[in-house]
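Heads up: the structure comes next, in structure tokens.
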Amino acid sequence: MTAHEVSRGYEIVVGLEVHCELATNTKLFCGCANQFGSEPNTNICPVCLGLPGSLPVLNERAVEFALRVGEAFNFDVPERSVFHRKNYFYPDMPKNFQTSQYDEPICSEGTLDVDGVTIRITRAHLEEDTGKSTHVGGDGGRIHGADHSLIDYNRAGVPLLEIVSEPDIRSAEQAARYVEELRATLLAIGVSDVKMEEGSMRVDANVSVRLVGATEFGKRCEVKNMNSIRSVRRAVAYEAERQIDLITSGERIMQETRHWNEDDGRTHSMRSKEEAFDYRYFPEPDLVPVEPTAEMRSLVRSQMPELPAAKRERLIDAWAITEHDARVIVDVPGLAEYAEAAVAVLGGGTPKDIVNWLTGDFLGFLNETGTKLDDSNLRPAGLAELVGMVVGGSISRNQGKDVMADALRSGEAPVAIVAARGIAQVSDAGALSGVLEVVFAANVDALDAYRSGDDKMKKKKRGFLMGEAMKATKGDGNPQLLNQLLDQMLEAL
Ligand code: ADP
Ligand code: MG
Ligand code: ZN
């Protein structure tokens, strides 16, 4: 993982603009439902359609969510912020202006730590989303060549928070990690469902390159249309290389908006970039300034959950697990709490054992079957019970996997499953010695090679014999005991 990437003597400079839809029940300025996937044009009213005479009323919950974001990313949240009209025409925006914030946003000067590097966040401001156009007929949903276009205004007026970073990011990997960390945090504080595939989180990447050591930034291009974190990484990497190609062959970079195409793995020119003055921003006359009360601020502060970064650090320390495992556990909503509940009633084994079982078979099952964590049949106490049996040696690892699968499907308690199915690890020395004798008899060649071989050969053949013995017990042999017996028998050869 590189935080600072240099290619052919050029360094990559990235600033990210992230739009996230706030998970309020209603839209930003009217009472229409904020809901993804409704029948087109059913969540609309005179306000979000911009009909003459209709007046907006600010959604208090959206302000509260913005304050949470303010807390989570160390923003300054000034006493007052102001809505502006951003004027432009597009059919998906019925008012012909977007109500947004301009020079007095609700959050300014925040930070986000990404793998030990602090990325500055310029601002986060509230604005309304536009509707959605669908271009029908012609060439694959593009506006050019389409027969006609359909417009759904359900999304018009849905609250967005636009989070704009400083151009502090220095590699494609770091850009992807910034988005990952931002997303995990927004999810943890409950302000958005941050689904990039559904468009509730959208990332635009401003990319430029400059010679290492240069003090001025290069001309940037804004890349749009990435709908996964993986495509953010790919798009930034591609765009930087494209710009270096141009510069090193003597051409100049034009500031423009470019469209990422997932299929060909390239960015394509869309349009030259508008300047702010083209939008004729002016203060929204129909809305009063946003002035969150002291009560609201302190309520938000008192309700802040532990943030993912802090939670990861705490679990790594307390449970001696890896950064990677901590990330997996913390990224799945509710899984860290589940793990903590299991650890609290642990009867044998370590927290790390709990984490291993969770990140392995358990998550695998949830993903495969599309089961939500809350609906899972195996509860934390059951998992602790299962881990206790495996660590205590009464059932083998493999048997534990079967028992877990059974418990997840049936909802029976692991101890009950073990009792009902008569599962037990073979921990009987006589039985295991018998197994080893059969294995020895069937592998005389391997034994010869062991006897005459050097240390390396001995190790290899020993591993082979152990594998054969485990196979012969169908994985139910107690591995410690089997290992011990095997050593004794090899010594006696
Ligand atoms: P605009 O108003 O045109 O969107 P901003 O100045 O607000 O422009 O910047 C938008 C985004 O572009 C920010 O995330 C910022 O960090 C980033 N940015 C600005 N200059 C550069 C640059 N030279 N290279 C990469 N990113 C940049
Ligand atoms: Mg912008
Ligand atoms: Zn409405």
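Both ligands and their constituent atoms are indexed starting at 1 by order of listing.
- Here ring-ring contact (aromatic ring centres under 6.0 Å, His included) pairs that include residues 168-200, with residues two or more places apart or in two chains, number zero.
- For ligand 1, the atoms sitting less than 4.0 Å from at least one non-hydrogen atom of Gly218 are 23 (N), numbered in the order shown with element in parentheses.
- Between the side chains of Asn261 and Arg266, no donor-acceptor pair of N or O atoms lies under 3.5 Å.
- The proximity of Asp168 to ligand 1, defined as any non-hydrogen pair under 4.0 Å, does not occur for either the backbone or the side chain.
- With ligand atoms numbered from 1 in the order given, ligand 1 contributes 23 (N) to contacts under 4.0 Å with heavy atoms of Phe217.
- Residues Ser100 and His84 have side chains that never bring a donor and an acceptor to within less than 3.5 angstrom of each other.
- Heavy-atom proximity to Pro167, at under 4.0 Å, picks out these atoms of ligand 1: 16 (O), 26 (N), 27 (C).
- Under the 3.5 Å distance criterion, with hydrogens and angles disregarded, a donor-acceptor pair is assigned to the side chains of Asp406 and Ser410.
- Listed by number with element, the atoms of ligand 1 under 4.0 angstrom from any heavy atom of Ser165 are 13 (C), 14 (O), 15 (C), 16 (O).
- Close approach of ligand 1 to Glu166 is summarised as follows: ligand atoms under 4.0 Å from at least one heavy atom of the residue are 16 (O).
- You'll find the ring centres of Phe97 and Phe89 outside the 6.0 Å limit.
- Evaluated by nearest non-hydrogen atom to atom 20 (N) of ligand 1, the leading choice among Arg220, Arg120, Glu216 is Arg220.
- Which parts of ligand 1 touch Val164 is read off a 4.0 Å heavy-atom cut-off, strictly below it: atoms 13 (C), 14 (O).
- The SG atom of Cys48 and the SG atom of Cys32 subtend an angle of 110° at the Zn ion (ligand 3), given to the nearest 10 degrees.
- Using a 3.5 Å distance cut-off with no hydrogens or angles, the side chains of His19 and Glu21 do not pair a donor with an acceptor.
- A donor and an acceptor atom, one from each side chain of Thr26 and Thr24, are nowhere located under 3.5 Å apart.
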